[in-house]
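Report on the structure given below.
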Amino acid sequence: MGTNDQTHSLPRGLRLVAVAGAAALTLTAGLATPLDPAPRQARAADDGKKVLTVAVAQSVDSLSPFLAVRLLSTSIHRLMYEYLTNYDPKDNHAVPGLATKWEASPDKLTWTYTIRSDSKWSDGEQATAEDAAWTFNKMMTDDGAATANGSYVGNFEKVTAPSPTKLVIELKKPQATMTALDVPIVPKHVWEKVSDFSEFNNDKSFPVVGNGPFVLTGYKADSYVRLKANKTFWRGAPKFDELVFRYYKDQDAAVSALRKGEVSFVAGSPSLTPAQAESLQGAENIRVNDAPGRRFYALATNPGAKARNGEKFGDGHPSLLDRRVRNALFMAVDREAVIDKVFRGHAVEGEGYIPPRFQDYFWKPSASQKLAYDPAKAAQLLDRAGYRKNGDGKRVGKDGKPLTYRVLCHATDPNDKAVGKYLQEWWGKLGIGVRLNCLDNVTDPWLAGTYDLAFDGWSVNPDPDFVLSIHTCGALPATPEDTGATDNFICDKKYDELYARQLAEYDPAKRADIVKQMESRLYDLGYMNVMAYPNAVEAYRTDQIESITTMPAKAGNIYGQDGYWSWWSAVPAETGDSSGGSSTAVVAVVATSLVLLIGLGTVVAVRRRAGADDRE
């Protein structure tokens, strides 16, 4: 979803709670540890089951497909539930999912989908058009259910299921995303029992009923997610018996686990750092996949947080409301240095909002429009804006105080910290102070608008509608007390007009042109400054995984795909130990967990932001 490697705001009621002190007391009894799926995984290996274990640097925000926006969470939902359509792993064109075919009326206002008759829910019930109709109708009528993907149904007039294999969606006006509705279809007979969609996280009762290639069987917050192969999946059962996503806060520890064979695959945060990738190159039984990514890495500027009712909140620095200041800051960012020194060549210099991997929508500014690296011109812009240096060489605001900006960053992302140090150097030469605010949980200050700038980024879908929608006025929270789908509180009338035009345009070339105009508008506004398009850098053990599908097929990524292709297609190595978690590994993680838990005491539940690298 929304790929949605999207920075959705999370519901106020969402809480992930872990009482670490109490958990520490259970370790000596040989129970599950916070960093490992528990002795059950070791037993699975003893039983001869093939277990694929993926080390991830991101935790789950929610297991409800109506709330989740983080890349890990939405990737898991792609494994649990079918969508109406899928993306072909070779070239991203629409292929059948739960729907076997679809057709539009001449006026493009009515879409009819034929729902397959060979898909069953994991509890044995038949998956039908009624499940799809119920899913969409719930999103249309319940704000809580629309939290993650409400933009897809905002233009829906009516959704019905005339028969078990026929779904009809009537639109208010044409909508170009009707073969790219990235919405998991859930079983009505299970979800109709949920009373509050803004609070329900789908993480208390297992196994979770689904119809995808895997069935969710276990979960521990900030620790692991365990799934088993769905032997009755209509496309064919996965080759691995179990799939485990294991959370590592320390990315170097994840790389070490790969070396030791404790995990099969390591994804990074969301990619391996250049140093980590280089350390794995040439290692025995390890293959590094380095391919053009689907993400952008940006520096977002607080435009003045506000709600749809017009009420303002937060405390973004008022100087940043001046476009000259925003442009000056970006002109003082040496993007070539970011590519060469931080990503060490494993990225492409950023320009427009959508990465070059999606050539149809890729845009870059003209020579006259481009905010090229030019510190001298940046200083002149600041002077003209009235922010001049005092006798101490510090830029002074309209209140007479030196300019110092708070930059929100993710404590688990080494790139944020590295670029942040450069910002302190580059902007320091302009006479501007930088205070890095690197947090494990960036959700609270982001939702509250209590930041000046922030490291941001999203994974982009083959159809870019979702990442475009999060900058519309309609994505703002209804009130300061609510949450919205907005990424960075941007609200611009011209941008909204362009968004509406692209959504209604079915001609691919014309739509792409409008999308590029939107990217140009975002660039000129200066609130979303793209610094880089990072590569997807990941690694796996060839003695545990014989083969696995990349997306796209030529030079594509494995983790965080627009579909379930990688994990569904993965073939266990015949001679390797693909348990991904032997008894030795369990013992090692227990010891590590005990140390961590004693040091942590009690971990207080917090909302987590799905931002910067987080969204699918």
Side-chain angles (χ1 to χ4, degrees), residues 5-8 56-59 61 69-72 247-255 267-277 293 295-302 316 320 329-330 332-350 355 404-428 432-447 450-459 487-488 527-537 560 606 608-615:
D5 232 348
Q6 303 149 23
T7 305
H8 259 10
V56 295
Q58 185 182 73
S59 58
D61 53 355
V69 291
R70 286 188 174 180
L71 179 59
L72 173 61
Y247 173 67
Y248 286 83
K249 183 176 179 180
D250 184 339
Q251 193 165 309
D252 287 331
V255 172
S269 178
S271 292
L272 297 176
T273 66
Q276 290 166 342
R295 292 184 57 245
F296 64 81
Y297 181 68
L299 191 61
T301 306
N302 188 340
L320 295 173
L329 292 177
F330 196 49
V333 175
D334 187 346
R335 274 89 79 192
E336 288 188 9
V338 171
I339 302 302
D340 296 338
K341 297 181 179 180
V342 177
F343 290 99
R344 286 161 65 172
H346 297 272
V348 177
E349 183 177 342
T404 298
Y405 295 131
R406 301 159 299 166
V407 179
L408 192 60
C409 80
H410 299 75
T412 57
D413 192 335
N415 294 327
D416 282 9
K417 296 177 181 178
V419 176
K421 293 293 184 183
Y422 279 113
L423 292 182
Q424 290 176 327
E425 174 188 339
W426 296 329
W427 293 354
I432 295 174
V434 173
R435 186 168 75 246
L436 291 178
N437 187 21
C438 296
L439 306 172
D440 289 332
N441 164 37
V442 299
T443 301
D444 288 340
W446 207 310
L447 291 178
T450 53
Y451 64 97
D452 298 322
L453 299 106
F455 291 106
D456 197 5
W458 290 81
S459 292
D487 174 47
N488 190 43
Y527 288 119
M528 184 61 60
N529 300 302
V530 178
M531 295 181 286
Y533 308 115
N535 285 6
V537 186
V606 292
R608 307 226 191 271
R609 168 156 174 98
D613 44 276
D614 293 2
R615 181 64 172 175

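- At least one donor-acceptor pair closer than 3.5 Å links the side chain of Asp413 to the backbone N or O of Asn415.
- Counting only heavy atoms from C-beta outward, the side chains of Ile432 and Leu329 approach each other to under 4.5 Å.
- Going from atom CG of Leu453 over to atom OH of Tyr527 covers 11.5 Å, rounded to the nearest 0.5 Å.
- Looking only at side-chain heavy atoms (C-beta outward), Thr412 and Asp440 come within less than 4.5 Å of each other.
- The backbone N or O of Val69 sits less than 3.5 Å from a side-chain atom of Asp61, completing a donor-acceptor pair.
- Between atom CG of residue Leu272 and atom CG of residue Asn535 there is a gap of 11.5 Å, rounded to the nearest 0.5 Å.
- In this structure, the side chain to side chain donor-acceptor pair (under 3.5 Å) partners of Arg344, at least two apart in sequence or on a different chain, are Glu278.
- In plain terms, the two heavy atoms of Arg295 and Gly457 that are nearest each other are NH2-CA, 4.3 Å.
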Quick one: side chains of residues 333-341, donor-acceptor pairs under 3.5 Å with protein atoms, not counting sequence neighbours, listed by atom name and distance.
residue, atom, partner, partner atom, Å
Asp334, OD1, Glu336, N, 3.2
Asp334, OD1, Ala337, N, 3.2
Arg335, NH1, Phe330, O, 2.8
Arg335, NH1, Val333, O, 3.1
Arg335, NH1, Leu371, O, 3.3
Arg335, NH2, Leu371, O, 2.4

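- Partners of Gln251 by side chain to side chain donor-acceptor pair (under 3.5 Å), not counting sequence neighbours, listed by chain and number: Gln276.
- The two residues Met528 and Phe296 come nearest to each other via the heavy atoms SD-CE1, 4.3 Å.
- Using a 4.5 Å cut-off on side-chain heavy atoms (C-beta onward), Leu436 and Leu423 make no contact.
- Every residue two or more places apart in sequence or in another chain that forms a side chain to side chain contact (heavy atoms under 4.5 Å, CB included) with Ala332 is listed here: Ala378, Trp427, Leu430.
- Taking CD of Gln58 as the reference point, atom OH of Tyr247 lies at 9.0 Å (rounded to 0.5 Å).
- A donor and an acceptor atom, one from each side chain of Tyr405 and Asn302, are nowhere located under 3.5 Å apart.
- Smallest separation of non-hydrogen atoms from Ala347 and Pro534: CB-CA, 3.7 Å.
- At least one side-chain heavy atom of Val342 sits less than 4.5 Å from a side-chain heavy atom of Tyr422.
- Closest non-hydrogen pair, Cys438 versus Lys417, comes out as SG-CG, 4.1 Å.
- Note that OG of Ser271 and NE2 of His346 are 10.5 Å apart. Values are rounded to the nearest 0.5 Å.
- Between Val537 and Ala277, the closest heavy-atom pair is CG1-CB, 3.5 Å.
- Using a 4.5 Å heavy-atom threshold, the side chains of Ser59 and Lys249 count as separate.
- Not a single donor-acceptor pair under 3.5 Å links the side chain of Thr404 to the backbone N or O of Arg435.
- Taking the side chain to side chain contact (heavy atoms under 4.5 Å, CB included) definition, one finds that Asn437 meets it with Leu408, Leu439, sequence neighbours left out.
- For the residue pair Asp487 and Trp446, the shortest heavy atom distance occurs at O-NE1, 2.9 Å.
- Every residue meeting the ring pair (Phe, Tyr, Trp, His ring centres under 6.0 Å) condition with Phe343, not counting sequence neighbours, appears here in chain and number order: Tyr297.
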